[in-house]
Asks: 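So that we are looking at the same thing, I have put the structure below in structure tokens.
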Amino acid sequence: MPIKILMPALSPTMTEGNIARWLKKVGEDVKAGDIIAEIETDKATMEVEAADEGRLGKILVPEGAQGVKVNDVIALLLEEGEDAGALEGSKAAAETGDGKPNGGASTPEPAKPAGVSQPPATASPVQQAPVAQPQTSPRPGDGEGRIFASPLAKRMATEAGIELSQLRGSGPHGRIVKSDIETAVAGGTAPARRLAPQPAAAPQARAPQPQPPASLPPFTEVPHSGMRRIIAQRLTEAKRDQPHFYLTIDCELDALLKLRADLNQRTPEGPGAYKLSVNDLLIKAAAAALMRVPAANASWTENAIRYYRSADISVAVAVPNGLVTPVIRSADAKGLAQISNEMKLLAEKARAGKLVPEDYQGGTFSLSNLGMYGIREFAAVINPPQGCILAVGAGEPRPVVKGGALAIATVMSATLSCDHRVVDGVVGAEWLAAFKKIVEDPLTMLL
């Protein structure tokens, strides 16, 4: 029998994805390890490898499909010696809710690695035995007027002008499937599928549908991408479930800017070359401050507060359709040149949609920098399940008092958003004080 190709779980938190592109066409041979499709997750577009050999017999989920659940059947692979006739049973099973991404009720299977496919399970003798349907069985609904039918059957019924309430489904639990619609269109008389007309129900009052304002200007709607949906979901959960509070401090940047210029002048030629950005130094400063105030390097779990021994800094990177946070791991133990080169590589992968889960999962603290856009100060939403995120604005000349006299310095405002379940006000203040001290005396971050 044909092998079912399932929607893979490309990360531990993935529950659904989009079919970006099929790289194999129906009828093409497939070998184990071949790239068969590109799947768009909330973070990147990833390639999916085939786990079995055969010939691509049927694509059940087309390119561009969104919100496909993990473990839904997306295609069928014909084994050696099988022809297109072998697809009918497997295709029908998918359409009646057996794993097809149409909302059909089924028991979810455990998540599998990318590209895993499996042969369909063989039914037991009891499952294979036909069960007679009494003529008085109820129509395929839930007792509240809702009709159970596959999306394909609903679409076919709408196109053919068939009232679903007048049909009896032949699928599991009376579900209306494709073959029921085909029979009705052909004028079939099978009593198990066609019902006598039912008395018209009394009309029920419907709430008036809201109408758009008459003055609404022209607009264009862009469907939500998988990334945008996940961003909306996670940040809504963060603001709802994590009690935020905010602390802001001003840091003088002149010494840090001088150190950056001095180090960039010392860059070697060739493979060891580097070009440090202000953000690279802030990543290192944040990591060093976490080592001095480890109570801020923490996250909440249901049973305990988890304190991390290394500073894995998630750095916000803007991409065309959203935001991703690749991670500089053990930033406290890395030199500035290594941090800079890793950050450039991760940013390039993020903008190209080529990040893999290990690039963006598992950070302990986040940094978001909008200074390059001239933003003076802002407060960021915590990146769950982390306990803190630092938002930094632009460095700009501001008046300061030094030694009792007015002077001009380059000053940056930094705002720490804290999860109050994890980080108390004193801990947040201590971390910001440590961060400010390192930024204003940046040679100490090298110790």
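Each residue takes its place number in the sequence, starting with 1.
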Asks: Using side-chain heavy atoms (C-beta onward) and a distance below 4.5 Å, is Met412 in contact with Leu256?
Replies: no
Asks: Does any N or O in the side chain of Arg421 come within less than 3.5 Å of the main-chain N or O of Pro243, such that one atom is a donor and the other an acceptor?
Replies: no
Asks: Flag the pair Arg55 / Leu77 as yes when at least one side-chain heavy-atom distance between them is below 4.5 Å, and no otherwise.
Replies: no
Asks: Can you measure from CG (Leu56) to CD1 (Ile59) and round to the nearest 0.5 angstrom?
Replies: 5.0 Å
Asks: Quick one: CG on Leu253 to OG1 on Thr410, what's the gap to the nearest 0.5 Å?
Replies: 6.5 Å
Asks: For Arg306, does the CZ atom have more than 12 heavy-atom neighbours from other residues, nucleotides or ligands under 6.0 Å away?
Replies: no
Asks: Determine, stepwise, if the pair Thr415 / Leu247 fulfils side chain to side chain contact (heavy atoms under 4.5 Å, CB included).
Replies: CA-CA 5 Å; Thr415 299; Leu247 302 170; over 6 Å; no
Asks: Go through the structure and list residues passing salt bridge (Lys or Arg N to Asp or Glu O under 4.0 Å) with Asp250, not counting sequence neighbours.
Replies: Arg398
Asks: Is the shortest distance from a Lys or Arg side-chain nitrogen in Asp262 or Lys258 to a carboxylate oxygen in the other one below 4.0 Å?
Replies: yes
Asks: Does Ala311 offer a backbone N or O that forms a donor-acceptor pair with the side chain of Asp332 under 3.5 Å?
Replies: yes
Asks: What I'd like to find out is whether the side chain of Ile3 reaches to under 4.5 Å of the side chain of Leu76, using heavy atoms alone.
Replies: no
Asks: Let me confirm one number: the CD1-CD1 distance from Ile5 to Ile36, rounded to the nearest 0.5 Å.
Replies: 4.0 Å
Asks: Does any N or O in the side chain of Thr267 come within less than 3.5 Å of the main-chain N or O of Tyr274, such that one atom is a donor and the other an acceptor?
Replies: yes
Asks: Kindly state each residue pair satisfying ring pair (Phe, Tyr, Trp, His ring centres under 6.0 Å) with at least one member in residues 426-447, sequence neighbours excluded.
Replies: Phe365-Trp431, Trp431-Phe435
Asks: Less than 3.5 Å apart, any donor N or O on the side chain of Gln386 or Ser299 sitting next to an acceptor on the other?
Replies: no
Asks: Can you name the closest pair of heavy atoms from Met291 and Asn297 and give their distance?
Replies: CE-ND2, 4.3 Å
Asks: Is any NZ, NE, NH1 or NH2 atom of the basic residue among Glu440 and Lys436 found under 4.0 Å from an Asp or Glu carboxylate oxygen of the other?
Replies: yes
Asks: Under a 4.5 Å cut-off applied to non-hydrogen side-chain atoms, are Met343 and Ile328 in contact?
Replies: yes
Asks: Please report the closest heavy-atom contact between Arg292 and Thr444, naming both atoms and the distance.
Replies: NH2-O, 3.6 Å
Asks: For Asp241 and Ala238, indicate whether the former's side chain and the latter's backbone hold a donor-acceptor pair under 3.5 Å.
Replies: no
Asks: Test side chain to side chain contact (heavy atoms under 4.5 Å, CB included) on Glu377 and Ile375; report intermediate values, then the result.
Replies: CA-CA 6 Å; Glu377 177 183 335; Ile375 300 301; 5.9 Å; no
Asks: Flag the pair Glu53 and Lys31 as a salt bridge only when some basic side-chain nitrogen lies within less than 4.0 angstrom of an acidic carboxylate oxygen.
Replies: no
Asks: I'd like to know if the side chain of Asn369 reaches the main chain of Gly371, judged simply by a donor and an acceptor atom lying under 3.5 Å from each other, with no hydrogens or angles considered.
Replies: yes
Asks: Under 3.5 Å, is there a donor-acceptor pair between the side chain of Lys334 and the main chain of Lys284?
Replies: no
Asks: Work out which heavy atom in Ile408 is nearest to a heavy atom in Pro397; give both atom names and the distance.
Replies: CG2-CB, 4.0 Å
Asks: If you look at every heavy atom in Ile231 and Gly322, which pair is closest and at what distance?
Replies: CD1-CA, 3.9 Å
Asks: Is it true that, when you exclude Arg309 itself, more than 12 heavy atoms of the residues, nucleotides or ligands shown sit nearer than 6.0 Å to its CZ?
Replies: no
Asks: Would you find more than 12 non-hydrogen atoms of other residues, nucleotides or ligands less than 6.0 Å from His420 atom NE2?
Replies: yes
Asks: Scan side-chain atoms only and decide if Thr325 and Ser314 contain a donor-acceptor pair under the 3.5 Å cut-off.
Replies: no
Asks: Do we see a donor-acceptor contact under 3.5 Å between the side chains of Lys344 and Ser340?
Replies: yes
Asks: Nearest 0.5 Å, what's the NZ-CD distance between Lys354 and Glu348?
Replies: 14.0 Å
Asks: Please give me the minimum heavy-atom distance between Ile438 and Ala289, naming the atom from each residue.
Replies: CD1-N, 3.6 Å
Asks: Which is it for Glu38 and Val48 under the side chain to side chain contact (heavy atoms under 4.5 Å, CB included) test, yes or no, and what are the steps along the way?
Replies: CA-CA 6 Å; Glu38 290 181 352; Val48 177; over 6 Å; no
Asks: Answer yes or no: is there a side-chain heavy-atom contact under 4.5 Å between Val324 and Tyr360?
Replies: no
Asks: Report yes or no: does Asp280 contribute a side-chain atom to a donor-acceptor pair with the main-chain N or O of Ser277 at less than 3.5 Å?
Replies: yes
Asks: Quick test of your reading of the model: are Arg21 and Glu40 salt-bridged, counting only N-O distances below 4.0 Å?
Replies: no
Asks: Under 3.5 Å, is there a donor-acceptor pair between the Asp312 and Thr364 side chains?
Replies: no
Asks: May I ask you to decide whether Glu396 forms a salt bridge with Arg376, counting only side-chain N to carboxylate O separations under 4.0 Å?
Replies: yes
Asks: Flag the pair Leu346 / Val317 as yes when at least one side-chain heavy-atom distance between them is below 4.5 Å, and no otherwise.
Replies: no
Asks: Nearest 0.5 angstrom please: Glu63 CD to Ile19 CD1, how far?
Replies: 9.0 Å
Asks: Say you draw a straight line from OG1 of Thr15 to CE of Met7; how long is it, rounded to the nearest 0.5 Å?
Replies: 9.5 Å
Asks: Under 6.0 Å from the NZ atom of Lys275, do we count more than 12 heavy atoms belonging to anything else shown?
Replies: no
Asks: Kindly indicate whether the side chain of Asp72, heavy atoms from C-beta on, has any atom under 4.5 Å from the side chain of Leu6.
Replies: no
Asks: Check the pair Ser368, Phe378 against side chain to side chain contact (heavy atoms under 4.5 Å, CB included), reporting the backbone distance first and the verdict last.
Replies: CA-CA 10 Å; Ser368 181; Phe378 71 104; 3.7 Å; yes
Asks: What are the two closest heavy atoms between Ile305 and Ala298, and how far apart are they?
Replies: CG2-CB, 4.0 Å
Asks: Check whether Lys58 reaches the backbone of Leu78 with its side chain - one donor and one acceptor, N or O, closer than 3.5 Å.
Replies: no
Asks: With a 4.5 Å heavy-atom cut-off, do His244 and Asp419 have their side chains touching?
Replies: no
Asks: Examine distances only and state if a side-chain atom of Thr301 and a backbone atom of Ala304 form a donor-acceptor pair shorter than 3.5 Å.
Replies: yes
